[in-house]
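Have a look at the structure below before the remarks.
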Amino acid sequence: MADDNDQVPVQITLDESSPLWDRRDIAETILTRLSDGLLVIDKQGQIVLANPASSRILGIGMERLASQGWAELFFSESQNMDFNQVIITVIQQNIEYHNIQVPYVRPDGLERQLTISASVMTDVAQSGKQEIQAVLIVLNDTTDLAHMHQRERELLSRSHRLAKEKAEGLDRLARAVAHEIRNPITSIGGLTRRLMSNTPADSKSVGYLERILESTQRLETIVKEVRDYADLPAPRLRPLNLADWFEREADTVKAEATVAGVNFVKHVETGDNLEVRVRADAEMLDFITEALVRNALEAMNGDGLLRLGMRLEGKAAVITVCDSGKGIDPADMPYLFDPFFSTKADAVGMSLAVAKRMALEQHGDLTAKSQAGRGATFSLSLPLSDGNDAADGSSQFRPPSLK
């Protein structure tokens, strides 16, 4: 806990006997070394104080700042209307403190982004009323920071666009594969069953036919899961109290863990928040959790600890599924959520790909981390909402696995 003294502003008291009393050079040194620009404009619009940083940021020499008024310097420049409006707003509304970011074009044509802090300085006039005597302006050039944020937004937008294009490409591929393979598989399966019915039970050919039929059935399973992935609808986002959903889901997961013979622990880290509001598709959340729990139970093979958790992390709610299994091979981590990737010989490898896509389409994410021999943790994050969002009432087709 912070010491109470940390909350008290530092005060320095000087009297006339102090060697620092009336030391103008100290004030000048401070103003000269400030990295932020500082201007004081009197009620006649004259700049009565300016430091070198303000000259550098505005691109205007100190001589002009000292000899010309605010209106003469800036109001004739139409491209700086937002910049000029700051002082007008502060004076007209008598604002004690105003902070805003505005664009600014210097006289040399260089475009900058400035954060301006402005406040009025008042004094008691002869009438006894408080009157504005001056306006204090503090300038901070945030152009580099704004450019960095813009690049981050562009990279994020590009990443989302590439992810969307990849998903759309996979959809087209999945539909094409399902369409081209379904009919031949059906024919192979039907002909194999007919051959088996006409083949003596003690014939060596029966074994071959059974293997063909098993492979056909596996291909049919793959085609079905590919079709489900391709036909995955947009989520039906509705206001949801994730805390209530989590409690219901925890009961289901606990029962599954008991049947599988593993221990179960539930932990919630939401402080005093009885409600955790999100906009989500509850059916999709059920599917994601079911897929993660199934993988966790398979990894532990009837012996271990399954942990289901929920916590708040910034502006997101995070659901975690942790197991104490053998963990995930680091070489497999980059491909974990790719369609058709699986370390199990009899698995299709679509469940995690579908779960990841469901998370992304609910504006969340699904991630994994693991240490060899120490299990794996899957984290589903969802953005928090204020609970006032309207439900998405659209009704769309859902594959049988999501009904």
Side-chain angles (χ1 to χ4, degrees), residues 214 217-218 221-222 224-225 228-229 242-270 276 280-313 316-360 362 364-382 401-402:
E214 289 174 1
Q217 291 170 344
R218 174 168 170 75
T221 300
I222 292 174
K224 177 184 177 301
E225 294 203 20
D228 284 355
Y229 180 85
L242 198 63
D244 290 343
W245 173 88
F246 179 82
E247 291 300 325
R248 293 192 298 270
E249 190 67 19
D251 291 338
T252 301
V253 174
K254 181 179 180 181
E256 294 177 1
T258 300
V259 171
V262 304
N263 296 318
F264 173 77
V265 172
K266 175 187 72 174
H267 58 95
V268 179
E269 301 174 18
T270 57
V276 178
D281 187 317
E283 291 181 62
M284 285 190 172
L285 294 186
D286 292 344
F287 179 94
I288 295 170
T289 309
E290 179 183 343
L292 299 180
V293 169
R294 182 170 59 249
N295 283 350
L297 294 177
E298 290 175 355
M300 291 184 288
N301 195 25
D303 181 25
L305 174 65
L306 176 65
R307 290 178 293 168
L308 183 68
M310 180 174 70
R311 70 178 187 271
L312 298 181
E313 192 172 279
V318 181
I319 304 297
T320 56
V321 177
C322 310
D323 66 69
S324 59
K326 62 181 181 179
I328 303 170
D329 189 329
D332 294 336
M333 289 294 289
Y335 315 103
L336 199 59
F337 297 105
D338 287 355
F340 305 112
F341 177 79
S342 177
T343 58
K344 296 177 288 227
D346 58 346
V348 178
M350 293 296 291
S351 62
L352 287 181
V354 172
K356 176 80 169 184
R357 182 174 169 187
M358 287 181 175
L360 292 173
Q362 294 180 85
D365 200 3
L366 180 62
T367 58
K369 62 180 181 179
S370 175
Q371 290 183 342
R374 301 184 63 180
T377 298
F378 286 82
S379 300
L380 167 65
S381 62
L382 296 168
S401 59
L402 292 179

Can you give me the closest heavy-atom contact between [X] and [Y], atom names plus distance?
{"X": "L305", "Y": "F264", "value": "CD1-N, 4.1 Å"}
{"X": "F378", "Y": "I328", "value": "CZ-CD1, 4.1 Å"}
{"X": "F287", "Y": "S351", "value": "CE2-O, 4.2 Å"}
{"X": "L382", "Y": "L285", "value": "CD1-CD2, 3.8 Å"}
{"X": "Q362", "Y": "M284", "value": "NE2-CB, 3.7 Å"}
{"X": "L306", "Y": "A257", "value": "CD2-CB, 4.2 Å"}

**Item:** Residues R307 and D323 bridged, charged N to O under 4.0 Å
**Value:**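 Answer for the salt bridge query: no.
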
**Request:** For E290, check salt bridge (Lys or Arg N to Asp or Glu O under 4.0 Å) against everything at least two apart and list the hits.
**Result:** R294

**Message:** According to side-chain hydrogen bond (donor to acceptor under 3.5 Å, both in side chains), does anything in residues 256-265 pair up with another residue at least two apart or in another chain? List the pairs.
**Reply:** none

**Message:** Tell me if a side-chain donor or acceptor on K356 pairs with a main-chain N or O of L366 at a distance below 3.5 Å.
**Reply:**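 At least one qualifying donor-acceptor pair exists.
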
**Donor-acceptor under 3.5 Å (T270 side chain, R311 main chain)** =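 Not at all, since once roles are kept as given, no pair shorter than 3.5 Å links the two residues.
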
**Message:** A side-chain contact here means heavy atoms from C-beta on lying under 4.5 Å apart; do W245 and V276 qualify?
**Reply:** no

Can you measure from [atom1] ([X]) to [atom2] ([Y]) and round to the nearest 0.5 angstrom?
{"X": "R357", "Y": "L360", "atom1": "CZ", "atom2": "CG", "value": "10.0 Å"}
{"X": "N295", "Y": "L352", "atom1": "CG", "atom2": "CG", "value": "5.0 Å"}
{"X": "L380", "Y": "L292", "atom1": "CG", "atom2": "CG", "value": "7.5 Å"}

**Request:** Test side chain to side chain contact (heavy atoms under 4.5 Å, CB included) on M310 and K266 and set out the steps.
**Result:** CA-CA 9 Å; M310 180 174 70; K266 175 187 72 174; over 6 Å; no

**Request:** Dump the intermediate steps for side chain to side chain contact (heavy atoms under 4.5 Å, CB included) on N301 and K326, then the final yes or no.
**Result:** CA-CA 10 Å; N301 195 25; K326 62 181 181 179; over 6 Å; no

**Message:** Restricting to side chain to side chain donor-acceptor pair (under 3.5 Å), what partner residues turn up for D244, sequence neighbours left out?
**Reply:**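 Once residues adjacent in sequence are excluded, the partners of D244 under the side chain to side chain donor-acceptor pair (under 3.5 Å) criterion are N241.
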
**Prompt:** For D303, does the CG atom have more than 12 heavy-atom neighbours from other residues, nucleotides or ligands under 6.0 Å away?
**Reply:** no

**Request:** Before giving the answer on side chain to side chain contact (heavy atoms under 4.5 Å, CB included), spell out for E247 and D251 the whole-Å C-alpha distance, their side-chain angles and the decisive distance to 0.1 Å.
**Result:** CA-CA 7 Å; E247 291 300 325; D251 291 338; 5.7 Å; no

**Request:** Decide yes or no on side chain to side chain contact (heavy atoms under 4.5 Å, CB included) for L308 and F246, but give the supporting numbers first.
**Result:** CA-CA 9 Å; L308 183 68; F246 179 82; 3.6 Å; yes

